[in-house]
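Have a look at the structure below, then the notes.
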Amino acid sequence: MPTGGVQPGISEYKDIGNPGKVDNPVTKLDKDKQRKFTTDHSKLKELQGPFNSGPEVTKACLGCHNQAGDQFVRNKHWTWSYKHPVTGQQLGKDYLVNNFCTNARGNEGMCAQCHAGYNRTSPDYDLSKQENIDCLVCHDATGKYYKTPPTKGNKACSVMFEGLKPIDWTNVAQHVRLPARSNCGGCHFFGGGGDNVKHGDLSSVLFHPPRDVDVHMSEQGENFACIICHVGEGHEWAGSRYNMIAKDEKEHALPKPGMERETATCESCHGDKPHPLSVKGLKLNDHVDRVACESCHIPAFARGGVATKVDWDWRTAGRLRNGEGYKEEGYQQGNGEWRHTYKSIKGSFKYDENVKPLYRWFNGVMRYTTIDTKFDPNKPVEINYFSGDPGDPDSRIWPFKRMHTIQPYDKGNNTLVYMHLWGNDDAAFWGNYDFAKAIKVGMEKNGIPYSGEYGFIESYSYWPINHMVAPKEKAVACDECHSKQGRLKELKGFYMPGRDAPKWLDMLGLLMIVGSLGGVAGHGLLRILLAWRRKH
């Protein structure tokens, strides 16, 4: 099943947000902890219906929420476009090439299931039509809403949405709420073609995570919805993968979670001295300006039994059995479910769980290899690459997932390619398995020069790890980094005790510190005793 961010309820995702379930993933959160509603939408005359489509519901929504449309058409969920203020690069899903399904541009029929709008069938989508805004994908409270592709796919994709009950548009329109984890997770947990495929720290386990997996989202912890940290104002949300805040130095009033603020950083709630006042706490706080909180408090990603994809080889795609494409399940993840390690439409995959992150100096700015970037074909292509180094005061040590892929490229021009994957024509790769046709059509439809010759090249992409924060007792121990073969052994250009000096020198330094502390304590005690003697 060639999914790329399909809504929960599709058979591949088992019971995650299953449309037949009455209790969707965060009903308890809304009822018990998050907020009291002031409007019963089921009683509004504007929502009595009947409604026969999503755009009809949207028209009714915008009739009352008369500023929402003007707000929404400016955000990234709608435009799929972002101009980076530092690098000047044109980014966004409508432009970038990645090393998963490679490109959304030209494949809107599949990828637009995770677009917050209706009827997006091509790159020339009219972004001014507010009636195409999909209010329900973010606000549905029934768990029975889903989206189907706006165009038809080939035979290999024809079974994706069989057996789903028709949407009761009136019922769904009458039962809405502020976005909950089930709404956000319906797309963000399933990006790249399946559960936890892309990010590594965003999976279906976060619908109901144990405390050991995420202290913020767990019902045994803080039971946060996504918008508690990613605070929204005017349909813009704090937090951006394209332009991250790697080191938050703003003076925050430390608002309570969920209150208005501009950032979605750890510091925006915890401040820049988060550890309690003690000898150990002082030393840990001394790390904050050089080490991201996530580096210590997310000891591993892909936890909780759901694996993440770490390797993808497109070269093997297109194999057939009895003239038909097929799938193989070759990896059983921690929760007992099997994952596909081969699909004719995509190639071969590898997965991993409980993965220690890759650590790099990072100042929040990523630069991207875009469709027009020329590269040396004798080296792996970095889809995105870091800015930051030990000498940069804005940089900190950050954790990342690294994704490895072997994917098609234009062998004559030494650029990446757009592939025509989805469609019911003979050039769509997801059904015809012809790289030459799929690349030729994908490039021509988007006006990109193509030499006519394709090859395969290694690529890497890097995904910052921000979620799956472990309880403090499960944080990374000091000696996991401060040792010669520790987590930070690959990071060079700075001195780190325990890693870069002989053991005797570290011991000498430790003794000097202990001696100094002892001297200060002894001096203080002596002054107290002398003062006591003078009084007596």
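Every heavy atom of this structure was used, including side-chain atoms; hydrogens, water molecules and symmetry mates were not.
For the atom pair CG (Asp289) and OG (Ser395), the distance works out to 11.5 Å, reported to the nearest 0.5 Å. Rounding to the nearest 0.5 angstrom, the gap separating the CZ atom in Arg177 from the OG1 atom in Thr142 is 8.5 Å. The CG atom of Asn384 sits 12.0 Å away from the CZ atom of Arg367 when rounded to the nearest 0.5 Å. Once rounded to the nearest 0.5 Å, the distance linking CD1 of Ile227 with CZ of Arg181 reads 11.5 Å. Remark: Phe72 CZ to Gln67 CD distance equals 15.5 Å, nearest 0.5 Å.
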- [ ] Give the C-alpha distance, both sets of side-chain angles, the deciding distance and a yes or no for side chain to side chain contact (heavy atoms under 4.5 Å, CB included) between Phe189 and Asn196.
- [x] CA-CA 6 Å; Phe189 296 172; Asn196 202 27; over 6 Å; no
- [ ] Let me see the working for Arg360 and Glu382 under salt bridge (Lys or Arg N to Asp or Glu O under 4.0 Å), right down to the final yes or no.
- [x] CA-CA 14 Å; Arg360 290 292 184 267; Glu382 290 190 313; over 6 Å; no
Open item on the list: Would Ser461 and Asn98 count as a side chain to side chain contact (heavy atoms under 4.5 Å, CB included) here? Give the steps.
Closed with: CA-CA 8 Å; Ser461 61; Asn98 60 61; over 6 Å; no
TODO: Determine, step by step, whether Lys147 and Val137 satisfy the side chain to side chain contact (heavy atoms under 4.5 Å, CB included) criterion, reporting the C-alpha distance in whole Å, the side-chain angles of both residues, the deciding distance to 0.1 Å, and the verdict.
DONE: CA-CA 8 Å; Lys147 294 178 75 170; Val137 73; 4.2 Å; yes
- [ ] For side chain to side chain donor-acceptor pair (under 3.5 Å), just list the numbers for Lys401 and Thr308, CA-CA rounded to whole Å, side-chain angles, deciding distance to a tenth of an Å, and then say yes or no.
- [x] CA-CA 10 Å; Lys401 171 191 168 179; Thr308 188; 2.8 Å; yes
TODO: Might you work through the side chain to side chain donor-acceptor pair (under 3.5 Å) test for Asn285 and His275, ending with a clear yes or no?
DONE: CA-CA 6 Å; Asn285 286 335; His275 304 97; 2.8 Å; yes
TODO: Could you check Asn119 against Asn132 for side chain to side chain donor-acceptor pair (under 3.5 Å), going step by step and ending with a plain yes or no?
DONE: CA-CA 7 Å; Asn119 304 315; Asn132 277 333; 3.0 Å; yes
Task: Test side chain to side chain donor-acceptor pair (under 3.5 Å) applied to Glu131 and Thr58, step by step - done: CA-CA 6 Å; Glu131 63 266 30; Thr58 295; over 6 Å; no
- [ ] Report the C-alpha separation of His199 and Arg241 in whole Å, then their side-chain angles, then the decisive distance to 0.1 Å, and conclude whether the side chain to side chain contact (heavy atoms under 4.5 Å, CB included) test is met.
- [x] CA-CA 11 Å; His199 294 270; Arg241 183 172 63 85; 4.3 Å; yes
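In this structure, Lys59 forms no cation-pi arrangement with Phe51, as its terminal cationic atom is not both closer than 6.0 Å to the ring centre and no more than 45° off the ring axis. Remark: Lys76 is not positioned above the aromatic ring of Trp80, lacking an NZ or CZ atom under 6.0 angstrom from the ring centre and at most 45 degrees off the axis. By the 6.0 Å and 45° rule, Arg402 does not stack over the aromatic ring of Tyr462.
Ion pair Arg105/Asp94 flagged as a salt bridge, since at least one NZ, NE, NH1 or NH2 atom sits closer than 4.0 Å to an Asp/Glu carboxylate oxygen. Between Asp168 and Lys144, no side-chain nitrogen of the basic residue sits less than 4.0 Å from a carboxylate oxygen of the acidic one, so the salt-bridge criterion is not met. A salt bridge is defined here as a Lys NZ or Arg NE, NH1 or NH2 lying under 4.0 Å from an Asp or Glu carboxylate O, and Arg120 with Glu108 fails to meet this definition.
Within the 4.5 Å cutoff, the side chain of Phe301 has no heavy atoms near those of the Phe400 side chain. Between Val57 and Leu136 there is a side-chain heavy-atom pair separated by less than 4.5 Å. For the pair Asp140/Val176, no side-chain contact is recorded, criterion being any heavy-atom separation below 4.5 Å from C-beta on. With contacts defined as side-chain heavy-atom distances shorter than 4.5 Å, the pair Leu47/Thr170 does not qualify. Taking 4.5 Å as the limit, every side-chain heavy atom of Ser203 sits out of range of all side-chain heavy atoms of His188. Put simply, the side chain of Met403 reaches to within 4.5 Å of the side chain of Thr405, judged on heavy atoms. No side-chain heavy atom of Arg303 sits under 4.5 Å from any side-chain heavy atom of Glu353. Residues Lys346 and Trp430 are in side-chain contact: their nearest non-hydrogen atoms beyond the backbone lie under 4.5 Å apart.
Side-chain N/O atoms of Asp352 and Tyr331 include no donor and acceptor closer than 3.5 Å. Side-chain N/O atoms of Gln130 and Asp70 include a donor and acceptor closer than 3.5 Å. For Ser295 and Trp398, the side-chain atoms include no donor-acceptor pair closer than 3.5 Å. Side-chain contact annotation: Ser81 with Gln90, donor-acceptor N/O pair under 3.5 Å present. His340 and Glu328 are not linked by any side-chain donor-acceptor pair at a separation below 3.5 angstrom, with hydrogens and angles left out of the test. A donor-acceptor pair shorter than 3.5 Å cannot be found between the side chains of Asn103 and Tyr418. Under 3.5 Å, the side chains of Thr79 and Arg74 contain no donor-acceptor pair of N or O atoms. Neither side chain, Gln332 nor Tyr351, offers a donor N or O lying under 3.5 Å from an acceptor on the other.
The two residues Ser182 and Phe207 have their closest heavy-atom pair at CA-CE2, 3.5 Å. The two residues Cys101 and Leu421 come nearest to each other via the heavy atoms O-CD1, 3.2 Å. Pairing each heavy atom of Gly109 with each of Pro149, the nearest pair is O-CB, 2.9 Å.
Remark: aromatic rings of His115 and Tyr125 are close, center separation under 6.0 Å. Proximity of the aromatic rings of His404 and Trp312 is defined here by a centroid distance below 6.0 angstrom, and this criterion is not met. Ring to ring, Tyr385 and Tyr460 are not that close: their centroids are 6.0 angstrom or more apart. Aromatic rings from His230 and Trp237 are positioned such that their centres are separated by 6.0 Å or more.
Using a distance-only test at 3.5 Å, with no hydrogens or angles considered, no donor-acceptor pair links the side chain of Arg487 to the main chain of Pro357. A distance-only check finds a donor-acceptor pair linking the side chain of Asp201 to the backbone of His467 [under 3.5 Å]. Without hydrogens or angle criteria, Ser268 side chain to Thr265 main chain gives a donor-acceptor distance under 3.5 Å. For the pair Asn75 (side chain) and Glu236 (backbone), a donor-acceptor distance under 3.5 Å is absent. Under a 3.5 Å cut-off, the side chain of Asp134 and the backbone N or O of Ala116 do not form any donor-acceptor pair. No donor-acceptor pair closer than 3.5 Å links the side chain of Glu480 to the backbone N or O of Val476. In this structure, His84 contributes its side chain and Tyr242 its backbone to a donor-acceptor pair below 3.5 Å. Between the side chain of Gln113 and the main chain of Met110, a donor-acceptor pair closer than 3.5 Å is present. The closest donor-acceptor contact from the side chain of Ser218 to the backbone of Pro209 lies under 3.5 Å. Side chain of Arg211 to main chain of Glu222: no donor-acceptor pair is present (N/O by atom type, distance under 3.5 Å, no hydrogens or angles).
Across Arg396, Lys247, Met244, a single residue satisfies side chain to side chain contact (heavy atoms under 4.5 Å, CB included) together with Phe362, and that is Met244.
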